[in-house]
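Counting starts at 1 for both ligands and their atoms, in listed order. If you read the sequence from its start, that first residue is 1, and numbering goes on from there. Just so it is clear, the values below take in all heavy atoms, side chains as well, and ignore hydrogens, waters and symmetry mates. Small disclaimer: the values here were computed from a predicted structure and weren't measured.
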Amino acid sequence: MIRRLLRVHDQLLPSEGKAWLVWAVLGSLVVALLDMVGIAAMMPLMLVATRAPGHESVLDRLAPFGVHGVGAGIVVLAAAVGGVFLLKTVAAIMFRWWLLGRTSRLEGLAAANMLERYAEAPYVVHRTRSNAQMNRQLDFSMSQVFGGLLNGYLMITVDALTLILATVVLAWISPVGTVAAVVVLGGVLAVIQLVLRSHQRRIGRELSDVAAEQWNARIPVVEGFRDVRLTTSVPFFTQQFRETRARQARAVRKLSILSEAPRYLLEVAMVVGIGAIAAAIQLMGDTGQMIAILGVFTAAAGRMLPTLNRLGANLGEARAATVGLEETESTLAALPAAVTTHHSPQDDGSGPAPLQGDIELQGVGFRFPDSRDWTLRGVNLRIPEGSTVALVGSSGAGKSTVLDVLLGLFAPTEGRVMCGGQDIAARPADWHRSLGVVSQDVFLINSSLRRNVAFGVPEGEIDDERLARALHSAQLDDLVADLPEGAETVLGERGIRISGGQRQRIGIARALYREPKVLILDEATSALDNLTEKKLSMTLEELAGRLTIVMVAHRLSTVRSADTIVFMDQGEVTDVGTFEEVRRSNEHFAQLVALGRVG
Ligand SMILES: Nc1ncnc2c1ncn2[C@@H]1O[C@H](COP(=O)(O)OP(=O)(O)O)[C@@H](O)[C@H]1O
Ligand SMILES: [Mg+2]
């Protein structure tokens with residue numbers, strides 16, 4: 001288990017050293033040693049207090065320090081014991097502070113790295129992922145791995161060392177008493193832990209399931225507000241949420257009681273243990289110091305009981321948390337090992353260098369990993385630099401898939417995509433630098449219009465002139481003028497204040513702000529009214545020649561001005577040519593043109 005934990009640590013935190021773990025173990029040892037000294041110091045105190053055989057020699061040793069007589073001896077020894085315990089307590093708190101700082105920081109770092117890994121994963125992998133799983137992984141499972149397991153194991157180390165060293169001291173004071181104590185307490189502990197094991201694991205599984213189901217119940221309410229509301233399914237989703245919360249509450253209660261219940265049993269065992277120790281000492285005829293020894297054992301028991309309880313609780317939490325480790329292992333197994341798209345091999349520190357030139361799809365075939373059918377077959381296409389190409393064809397023909405392959409989001413199953421003679425797969429960062437992409441669904445962040453257009457650009461680096469140009473080209477000047485705070489107006493995650501057409505224009509402005517070499521539009525103007533669409537077509541015509549434009553569109557007017565029409569059917573390119581050429585060669589296209597809408 002520890003090896004698996006460390007492997008996950010290395011995978012998620014490759015640049016974090018593990019030397020501190022050695023310090024953690026050494027620190028545990030110091031805390032445990034102080035505890036041991038505290039217990040050992042009890043014996044002389046007890047001997048003097050009970051005037052048991054041997055107390056004279058203790059007093060003799062104190063005499064050189066100017067301490068004379070039983071009364072003074074008790075005061076000095078009691079002060080010494082108190083001092084050692086105080087020191088141990090301060091040391092233990094400091095150690096705990098340091099340890100918690102470490103493990104909490106690592107948990108945060110690991111979660112951030114995990115998020116990065118998710119963001120860098122291949123698009124096909126991303127599409128198979130559920131929101132609920134991702135959210136659970138980033139919060140719940142991360143805290144299980146670093147809080148429940150890593151921190152848990154370190155606390156178990158401290159407590160186990162403390163118990164072992166205390167046992168050594170007690171064995172030195174009274175071997176028979178210690179054997180009796182270990183047999184009684186150890187036996188009770190072993191039985192308790194054996195009984196709890198499988199329960200705690202099962203509860204861990206339940207807690208993990210519930211964590212994901214809760215997300216499944218809350219996501220529709222947030223993301224699908226309209227659908228939830230208008231289908232009067234509010235009770236359905238809230239009830240689902242209520243049930244999962246209730247299940248979570250029951251599981252948390254069970255886990256807590258399983259951690260706490262042993263405490264009461266241990267207290268009983270402790271009382272029985274003291275009796276057993278007394279009986280053992282009596283039987284072995286070692287009765288002279290009986291009262292003193294029993295005093296030390298009782299004091300030690302008082303000290304050790306919280307340690308034993310905490311040990312049990314941490315063992316329980318660690319068992320429940322193994323589910324989180326399993327989840328994390330399987331998440332990591334499904335993600336690529338290293339960050340791939342941040343830096344290109346050519347990156348010399350000056351940032352990505354955009355790819356330029358003709359784009360070529362060479363024998364591209366594409367099949368989804370979980371599918372037996374080919375979504376694209378034998379696509380050969382040459383898109384000269386600066387030309388405008390329109391992909392047309394009925395819905396499901398594969399237009400969006402061709403674009404996703406072209407964008408480098410889907411790696412072709414067969415063939416390759418080239419730009420300026422270079423395989424785009426070899427230089428993903430450079431290729432993405434070349435692109436401006438407008439999808440059908442424009443994603444808006446909960447921020448200002450300005451930041452939605454200069455997407456992902458730090459505030460200080462936003463170029464206002466470029467922003468104004470992009471807004472103007474995307475026909476957004478009127479909107480900016482109408483908004484209460486202009487381009488500074490906050491749009492909201494779901495762009496609540498924004499119409500479908502305005503949203504699309506924001507997407508277009510975002511693509512243009514990047515000053516791309518290649519502009520890709522996938523049904524990017526579908527929600528626009530005719531007039532706005534006409535104006536945007538004019539903008540695109542102005543841009544034509546200066547950059548390469550590849551688009552999927554349905555409106556005849558948009559498509560007509562393209563240099564090349566590519567007709568697609570069932571994943572294959574059937575016709576390529578000018579508008580008139582394709583109209584002549586493809587009957588289906590001719591029919592669509594006659595109807596006024598292509599696709
Ligand atoms: N994950 C998937 N597994 C299998 N087939 C898929 C998957 N996603 C989409 N498809 C299929 O790919 C085909 C092409 O889709 P798409 O490129 O979106 O068409 P278009 O954009 O031309 O309407 C469709 O038939 C669709 O059902
Ligand atoms: Mg599509």
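Inspection of the Arg136 and Gln133 side chains reveals no N or O donor paired with an N or O acceptor under 3.5 Å. Counting only N and O atoms by type, the side chains of Ser143 and Glu107 include no donor and acceptor under 3.5 Å apart. Between the side chains of Gln475 and Arg505, no donor-acceptor pair of N or O atoms lies under 3.5 Å.
No cation-pi contact links Arg218 to Phe241, judged by a cut-off of 6.0 Å to the six-membered ring centre and 45° from its axis. In this structure, Arg433 fails the cation-pi test against Trp431, since its NZ or CZ atom is not both closer than 6.0 Å to the six-membered ring centre and inside 45 degrees of the ring normal. Annotation: cation-pi geometry satisfied between Arg510 and Phe455 (NZ/CZ under 6.0 angstrom from ring centroid, within 45° of ring axis).
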Validation: residues 556-566 side-chain donor-acceptor distances under 3.5 Å, sequence neighbours left out:
from	atom 1	to	atom 2	distance (Å)
Thr558	OG1	Glu533	OE2	2.4
Ser561	OG	Thr558	O	3.2
Asp563	OD2	Thr388	N	2.8

Nitrogen or oxygen contacts under 3.5 Å, ligand 1 side and protein side:
from	atom 1	to	atom 2	distance (Å)
ligand 1	8 (N)	Arg127	NH2	3.0
ligand 1	17 (O)	Ser400	N	3.4
ligand 1	17 (O)	Thr401	N	2.9
ligand 1	17 (O)	Thr401	OG1	2.5
ligand 1	19 (O)	Gly398	N	3.3
ligand 1	21 (O)	Ser400	N	2.9
ligand 1	21 (O)	Ser400	OG	2.8
ligand 1	22 (O)	Ala397	N	3.2
ligand 1	22 (O)	Gly398	N	2.9
ligand 1	22 (O)	Lys399	N	2.8
ligand 1	22 (O)	Lys399	NZ	3.0
ligand 1	23 (O)	Gly396	N	2.7

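Sorted by first and then second residue, the pairs that involve residues 370-382 and meet salt bridge (Lys or Arg N to Asp or Glu O under 4.0 Å), not counting sequence neighbours, are Asp358-Arg382, Glu360-Arg382, Arg377-Glu572.
Distances shorter than 2.8 Å separate the Mg ion (ligand 2) from the protein N/O/S atoms Ser400 OG.
The distance between the ring centers of Phe589 and Phe579 falls below 6.0 angstrom.
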